[in-house]
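As the structure is a computational prediction, the values presented were derived from the model and not from experiment. Each chain gets a letter, A, B and so on, in the order the sequences are listed, and its residues count up from 1.
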Amino acid sequence: AQSVAQPEDQVNVAEGNPLTVKCTYSVSGNPYLFWYVQYPNRGLQFLLKYITGDNLVKGSYGFEAEFNKSQTSFHLKKPSALVSDSALYFCAVRDPKATGRRALSFGSGTRLQVQP
Amino acid sequence: DTEVTQTPKHLVMGMTNKKSLKCEQHMGHRAMYWYKQKAKKPPELMFVYSYEKLSINESVPSRFSPECPNSSLLNLHLHALQPEDSALYLCASSQPQAGIPNEKLFFGSGTQLSVL
């Protein structure tokens with residue numbers, strides 16, 4: 001079984017400060033991990049993914065995420081938050097060893113609010 | 001063209017109505033998806049089409065009937081829906097690559113459905 005948890009419903013940060021949105025996962029083998037962002041009244045947009053290789057993955061809009069196998073985490077980070085980063089962020093996982101299913105499992109989402 | 005276009009953007013229907021949601025992409029993607037998203041919740045997978053064949057049906061009630069007429073189009077036919085079916089319905093596409101995961105999904109903006 002594959003699952004992902006986002007422990008925070010909402011994260012508040014001041015503009016210019018670093019931000020972290022947390023994600024932990026559960027799969028039987030090595031995971032494929034993803035972050036998506038959803039702006040109001042829009043579909044989800046792909047930010048970045050980890051499949052293999054360097055544990056630090058860089059993505060769109062200055063975001064990056066760090067894969068930590070020992071802590072089964074894939075936290076999303078940005079060095080300096082912008083008000084325009086305010087949105088709903090979803091972590092997702094797929095277990096490449098899972099037979100049959102080839103679709104993502106999404107976390108419950110974390111609302112990021114960046115204050116001016 | 002990197003867009004997934006969904007129509008209509010909003011739909012209000014009665015429980016005895018028959019309606020259809022439409023989705024179109026011209027990126028040459030051969031996997032297409034329907035997701036259902038309730039407010040402040042993650043998207044829930046409904047159906048996956050791969051090379052125009054239904055590959056995943058997540059035990060969706062028969063009042064939802066998907067159709068993939070060709071590689072660019074995906075429909076969701078609705079009949080005798082219930083008020084609890086009110087949600088944002090998202091279409092997505094991706095390009096499957098043998099042996100290499102590609103969950104970089106491109107989402108449409110969705111159809112906001114209200115069932116009265």
Where B:Leu90 and A:Gly43 come nearest, the two heavy atoms and their spacing: CD2-CA, 3.9 Å

Heavy atoms of other groups near B:Lys41 NZ, more than 12 under 6.0 Å: no

CG/A:Asn30: more than 12 non-hydrogen atoms of other groups inside 6.0 Å: no

CA sep, side-chain torsions, deciding dist, call: B:Leu88, A:Arg42, side chain to side chain contact (heavy atoms under 4.5 Å, CB included): CA-CA 10 Å; B:Leu88 181 67; A:Arg42 301 295 300 275; over 6 Å; no

Engaged part of B:Gln37 at the chain A interface, taking heavy atoms whose separation is under 4.5 Å: side chain

B:Tyr35 with B:Leu113, same ILVMFWY side-chain cluster at under 4.5 Å: no

Shared hydrophobic cluster, B:Phe64 / B:Leu11 (ILVMFWY, side-chain heavy atoms < 4.5 Å): yes

Heavy-atom check, side chain of A:Leu44 versus side chain of B:Leu105, under 4.5 Å: no

Shortest non-hydrogen separation from B:Pro42 to A:Phe106 and the atoms involved: CB-CB, 3.9 Å

same_hphob_cluster(A:Tyr50, A:Leu47) at 4.5 Å side-chain heavy-atom cutoff: yes

In one Ile/Leu/Val/Met/Phe/Trp/Tyr side-chain cluster, 4.5 Å: A:Trp35, A:Leu33: yes

Contact origin within A:Tyr36 toward chain B - heavy atom pairs under 4.5 Å: side chain

Residue A:Gln6 versus chain B: region with a heavy atom under 4.5 Å: neither

Distance (rounded to the nearest 0.5 Å) between B:Lys104 NZ and A:Gln45 CD: 11.0 Å

